[in-house]
Protein chains: 2
Amino acid sequence: MRPSKRDELVQKALKIFYRRGFHATGMDKLVAETGISKTSMYKHFRTKEELILAALRLRDQQFRNWLTRRIEELAKAPEERLLAVFDALDEWFHQDDYASCMFIKAASEYQDQGHPIRATSAEHKRLLADYLHDLAGKAGAGDPDKLARQLLLLVEGAIVTAYLLGPDGVSGDARAAAAAIIDRSLANGCLPTK
Amino acid sequence: MRPSKRDELVQKALKIFYRRGFHATGMDKLVAETGISKTSMYKHFRTKEELILAALRLRDQQFRNWLTRRIEELAKAPEERLLAVFDALDEWFHQDDYASCMFIKAASEYQDQGHPIRATSAEHKRLLADYLHDLAGKAGAGDPDKLARQLLLLVEGAIVTAYLLGPDGVSGDARAAAAAIIDRSLANGCLPTK
DNA sequence: GACAAACTGTACCGTTCGGTACATATAAAA
DNA sequence: TTTTATATGTACCGAACGGTACAGTTTGTC
């Protein structure tokens with residue numbers, strides 16, 4: 001069974017929304033760029049918002065899937081994986097179609113508290129934080145909650161900075177900063193571990 | 001001389017754009033919410049984009065002004081000011097109308113390379129980085145460039161995370177992470193300074 | 001080949017978009 | 001008081017917005 005027209009639509013819409021933005025992308029533009037008729041679109045999704053939500057759900061799945069897989073390839077030991085996070089991000093930042101994080105942008109355009117698009121974006125970040133927490137725990141962090149939250153700050157900061165000021169060096173800085181806070185968390189400060 | 005109608009417009013438009021977004025805010029909405037006639041608006045600004053740019057320039061000025069002033073109030077010694085950055089941010093995050101960074105959101109909506117709105121947003125971040133660099137230098141950091149770039153990551157990460165996951169604790173985490181990387185920069189690692 | 005499901009093209013709906021035309025009002029400066 | 005600059009209200013422009021109606025075409029299945 002070939003990929004359904006529905007999946008094809010979501011996949012293509014995802015790329016277009018990512019590249020052009022949500023409000024700035026009209027349904028007619030989606031018709032023109034996907035080659036899928038508007039009638040079909042509204043057969044699969046009752047509103048533009050539902051299509052956006054489907055695109056965000058797909059993005060969440062694809063992105064976290066890629067990130068975790070890449071990190072597992074790049075490093076084996078948990079402490080090393082905490083740093084490999086930023087090596088994976090570096091690859092992302094240097095893709096020529098890199099344009100920040102889709103969820104940060106979605107939450108920027110749909111700011112109402114409790115709006116499904118904003119809620120979905122927040123959930124994505126929570127899942128990302130959970131993954132970092134998992135890594136931090138396996139690495140033997142003294143306070144994995146805290147370490148994960150601190151690393152998340154570096155991840156988000158790197159994403160935004162790589163977009164606004166360019167990708168070069170950002171991951172390296174984030175990695176170095178991460179090393180500092182990881183050292184603190186694992187060694188409980190500058191005291192020798194024994 | 002009273003504040004000109006033009007300044008009043010930019011000030012009010014700034015708040016509305018910040019709260020509702022750029023594409024989502026039509027000129028008619030601005031007329032309704034500011035009480036300023038559309039004719040006047042287009043006498044002062046030839047396009048909506050020019051009005052947005054004026055609002056961003058005002059925001060840049062107001063925000064950096066507030067931030068630096070607040071930091072100078074909160075701490076006197078340069079090393080302490082590097083940490084006070086996050087105390088000031090914490091106050092911002094807990095304002096009930098906090099809605100992330102206007103420039104991150106602007107760059108999210110106007111993604112074209114070289115678009116004036118995106119360029120203005122990038123410039124704001126560059127100026128923020130310059131300020132951090134200045135503080136880092138005065139604090140005697142070994143590599144003020146690097147420290148400033150790392151702190152900027154924490155600042156941006158805190159802004160985004162406070163918006164998406166809520167303000168509580170974010171600044172504390174950022175502050176703790178900042179302390180770790182500042183210690184490294186000032187002491188050149190865990191080695192004693194002498 | 002028949003049938004149903006899925007997809008397409010086009011025309012259209014009311015609304016809103018950014019932006020303009022124009023005639024009127026207000027208010028300070030001369 | 002007349003002038004001049006600046007504000008206003010309203011009506012409007014063509015285009016694009018999200019979304020619908022409907023008739024016709026392709027597609028896989030029995």
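Proteins get letters first, then strands, A, B, ... in listed order; numbering begins at 1 in each.
At least one side-chain heavy atom of Ser171(B) sits under 4.5 Å from a side-chain heavy atom of Phe93(B). The shortest side-chain heavy-atom distance between Leu151(A) and Phe86(A) falls under the 4.5 Å cut-off.
The pair Lys12(A)-Glu8(A) meets the salt-bridge criterion, since a charged nitrogen lies less than 4.0 angstrom from a carboxylate oxygen.
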Taking it one step at a time, do Asp112(A) and Arg118(A) satisfy salt bridge (charged side-chain N to carboxylate O under 4.0 Å, His left out)?
CA-CA 7 Å; Asp112(A) 288 350; Arg118(A) 183 166 170 184; over 6 Å; no

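For Met41(A) and dT20(D), the CE to C1' distance is 15 Å, given to the nearest whole Å. The distance from atom CG of Leu30(B) to atom P of dT8(D) is 14 Å, rounded to the nearest whole Å.
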Pull out every protein N or O sitting under 3.5 Å from an N or O of nucleotides 3-7 of chain D, one pair per line with the distance.
from: dA7(D); atom 1: OP2; to: His44(B); atom 2: NE2; distance (Å): 3.2

Using the 3.5 Å cut-off, write out each protein N or O paired with an N or O of nucleotides 11-18 of chain C and the distance between them.
from: dG18(C); atom 1: OP1; to: Lys48(B); atom 2: NZ; distance (Å): 2.4
from: dG18(C); atom 1: OP2; to: Met27(B); atom 2: N; distance (Å): 2.7

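One finds the CD atom of Glu79(B) at 10.5 Å from the CZ atom of Arg81(B) (value rounded to the nearest 0.5 Å). Note that the OG1 atom of Thr47(A) and the CG atom of Leu53(A) stand 7.5 Å from one another [nearest 0.5 Å].
In this view, Tyr110(A) and Phe22(A), His23(A), Ile52(A), His115(A), Ile117(A) satisfy the side chain to side chain contact (heavy atoms under 4.5 Å, CB included) rule, not counting sequence neighbours.
Applying the salt bridge (charged side-chain N to carboxylate O under 4.0 Å, His left out) test to pairs two or more places apart or on separate chains, those with a residue in residues 53-62 of chain A are Asp60(A)-Arg64(A). Listed by first then second residue, pairs satisfying salt bridge (charged side-chain N to carboxylate O under 4.0 Å, His left out) with a partner in residues 144-161 of chain A read Lys125(A)-Glu156(A), Arg149(A)-Asp173(B), not counting sequence neighbours.
Residues Pro167(B) and His94(B) share a closest heavy-atom pair of O-CE1, 3.7 Å.
Rounded to 10°, the helix from dG1(C)-dC30(D) to dA30(C)-dT1(D) has 10° between the axis fitted to its first five pairs and the one fitted to its last five.
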